[in-house]
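Just so it is clear: chains get the letters A, B, ... in the order the sequence lines come, proteins before strands, and each one is counted from 1. Bear in mind the structure is a predicted one, so any value in this text is a computation, not a measurement.
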There are 2 protein chains.
Amino acid sequence: MPTNKPKAANQPTAENGPTAGKKRTAAKNQTATKKPQVTASPERRRELLAAAAEVFAAQGYNATTVRKIADAAGMLAGSLYYHFDSKESMLDEILSDFLTELWEGYDTVLAAGLGPRETIEALVTESFREIDRHRAAVAIYQKESRTLAPQPRFHYLSDSQQKFEKAWLGTLERGVAAKVFRADLDVRLTYRFVRDTVWVAASWYRPGGQHSPEEIARQYLSMVLDGIALRT
Amino acid sequence: MPTNKPKAANQPTAENGPTAGKKRTAAKNQTATKKPQVTASPERRRELLAAAAEVFAAQGYNATTVRKIADAAGMLAGSLYYHFDSKESMLDEILSDFLTELWEGYDTVLAAGLGPRETIEALVTESFREIDRHRAAVAIYQKESRTLAPQPRFHYLSDSQQKFEKAWLGTLERGVAAKVFRADLDVRLTYRFVRDTVWVAASWYRPGGQHSPEEIARQYLSMVLDGIALRT
DNA sequence: ATGCTTCCCTAACAAGTGTTTGGTAGGTTA
DNA sequence: TAACCTACCAAACACTTGTTAGGGAAGCAT
């Protein structure tokens, strides 16, 4: 499954033509297990991934060279390949680790059988907690997910987005039906607004700031649920 | 779009000179008019910039090669340099053009002497109109502004952000003082939420969709001002 | 015809890209 | 002691990147 990578840089340029490849891959491909190092300590691995995530989040994935990552980790570029088999697989691991943890939290909330309003409140709070814990990963997800999702390797991003939409949209609709939320608002539009605002917070949130995730969630929910206008 | 065929080439570069030194002409200073082509028709220039903006928005600035831009424009990479003197200057022109137009609209609104709530409404509506007209530029701005702003060349991005914050925050505070907005919400947090949600819309908005900019603004304002919860 | 201008192409260059190969210091085990 | 494994470095390789020279076809003015 993770074996053959299209070597050079992708590209949908219709015809790769006869002039394309220069016989680069020197018939090395036979032993299936391409995994380079499984023996490595998982701790060092996580350290390196954390370093990489910071750089990815700060500079963007494409603008980040493996040499910058290695620099941040205090080693040389080539040495990274003892731990990971490509730059892309680092990104992959960062994102899938994050999403796995995220959905653990979400699924717990969704299985709790709360009412619509309480579900929204719990989801938002949980989201800000995830931002607190995976700031870098969330920022990367925000910036790159749209470009990555079409790639087969990152198909789980699309899956996640669909699950995401289903959970939020479903809750909103349930709330409208239960006369907990207003019926005159476009549910899909509302969903987009809510979703975006929550996650964009990763771009300005700094852990250890003056607002805890719970406080931010409280303020945000107050705004979205009750509005900022003063009732008269 | 006529796909360019001339992708053969790729010659073996006679000697990969170990004489690496040879610093390229940095020429970073833009002290005076160093424009390479002023003679070019401004119309073609805008066409090319529009094409570039689309690719930048879709793939990200760093992930976009000048060859992709040229492809989208139906020409070859080198030909772009007849119109622009660098890839960066294309980005520069796209962003500064957008911001110039944006502030024309904003300044008009701010000078109208409206009340706090009406000012917010007008700003939001104006923002969605700008998204409608400069979707690509807004998307680029969203993705890259944080990385670009520190660079001297893009210092106007920081300026704009400060003006932006001043206008929005000022209006919100004015509204709180006038008892038009709630006093128990953190104004700075509210500002961030509102700002982000408005602009992130550029990532999903498609002109010609089922919602006009004005309709989106209306829905959004309804949510932020009055909340989505049903009043009982 | 000539020259000039506009706009693009061909072909290259040098620096930078992700990745591979071979080596090796230091620890652990036999 | 030797063999072995882990985690890294040094140096390259194959390709892509932004950018530049030189040239040439088409149009216009002289």
Taken to the nearest whole Å, CG/A/Leu91 to P/C/dG18 is 13 Å

Separation of D/dC8 atom C1' from A/Met75 atom CE, nearest Å, is 6 Å

>> Quick test of your reading of the model: are B/Glu43 and B/Arg46 salt-bridged, counting only N-O distances below 4.0 Å?
In response: no

Rounded to whole Å, the NZ-C1' distance (B/Lys87 to D/dT19) equals 12 Å

Whole-Å distance, B/His83 NE2 to C/dC7 P, equals 6 Å

Acceptor/donor pairs from residues 193-202 of chain B side chains to any protein atom, 3.5 angstrom cut, sequence neighbours excluded:
{"residue": "B/Asp196", "atom": "OD2", "partner": "A/Trp204", "partner atom": "NE1", "Å": "3.1"}
{"residue": "B/Thr197", "atom": "OG1", "partner": "A/Thr197", "partner atom": "OG1", "Å": "3.2"}
{"residue": "B/Thr197", "atom": "OG1", "partner": "B/Phe193", "partner atom": "O", "Å": "2.4"}

For residues 206-214 of chain B, run the donor-acceptor check on the side chains, cut-off 3.5 Å, and write out each pair with its distance to 0.1 Å, sequence neighbours left out.
{"residue": "B/His211", "atom": "NE2", "partner": "A/Asp186", "partner atom": "OD2", "Å": "3.3"}
{"residue": "B/Ser212", "atom": "OG", "partner": "B/Glu215", "partner atom": "N", "Å": "3.1"}
{"residue": "B/Glu214", "atom": "OE2", "partner": "B/Arg129", "partner atom": "NE", "Å": "2.7"}
{"residue": "B/Glu214", "atom": "OE2", "partner": "B/Arg129", "partner atom": "NH2", "Å": "3.4"}

note: A/Asp71, atom CG; C/dT17, atom P; distance rounded to Å ~ 12 Å

Residue set satisfying ring pair (Phe, Tyr, Trp, His ring centres under 6.0 Å) with B/Tyr106, at least two apart, ordered chain then number -> B/Trp103, B/Phe164

Would you please confirm or rule out a distance under 4.0 Å between OP1 or OP2 of D/dT20 and any side-chain N or O of B/Tyr81? no

Taken to the nearest whole Å, NZ/B/Lys68 to P/D/dT17 is 7 Å

Under 4.0 Å between a side-chain N/O of A/Tyr82 and OP1 or OP2 of D/dC8, yes or no?
no

So the salt bridge (Lys or Arg N to Asp or Glu O under 4.0 Å) pairs with at least one residue in residues 93-108 of chain A (sequence neighbours excluded) are A/Arg45-A/Glu93, A/Glu101-A/Arg133, A/Asp107-A/Lys163

Kindly say if A/Ser79 contacts the phosphate of D/dA7, meaning a side-chain N or O under 4.0 Å from OP1 or OP2. no

So salt bridge (Lys or Arg N to Asp or Glu O under 4.0 Å) across residues 50-66 of chain B, not counting sequence neighbours, yields B/Glu54-B/Arg135

inquiry  = Can you confirm if the NZ or CZ of A/Lys68 lies within 45° of the ring axis of A/Phe56 and under 6.0 Å from the centre of its six-membered ring?
reply    = no

To the nearest angstrom, the CZ-P distance between B/Arg45 and C/dC8 comes to 13 Å

From CZ of B/Phe84 across to P of C/dC8 the rounded distance in Å is 11 Å

**Study point:** Under 4.0 angstrom between A/Arg44 side-chain N/O and D/dT6 OP1 or OP2
**Key:** no

Sorted by number, residues from residues 57-67 of chain A placing a heavy atom under 4.0 Å from DNA chain C are A/Thr64, A/Thr65, A/Val66, A/Arg67

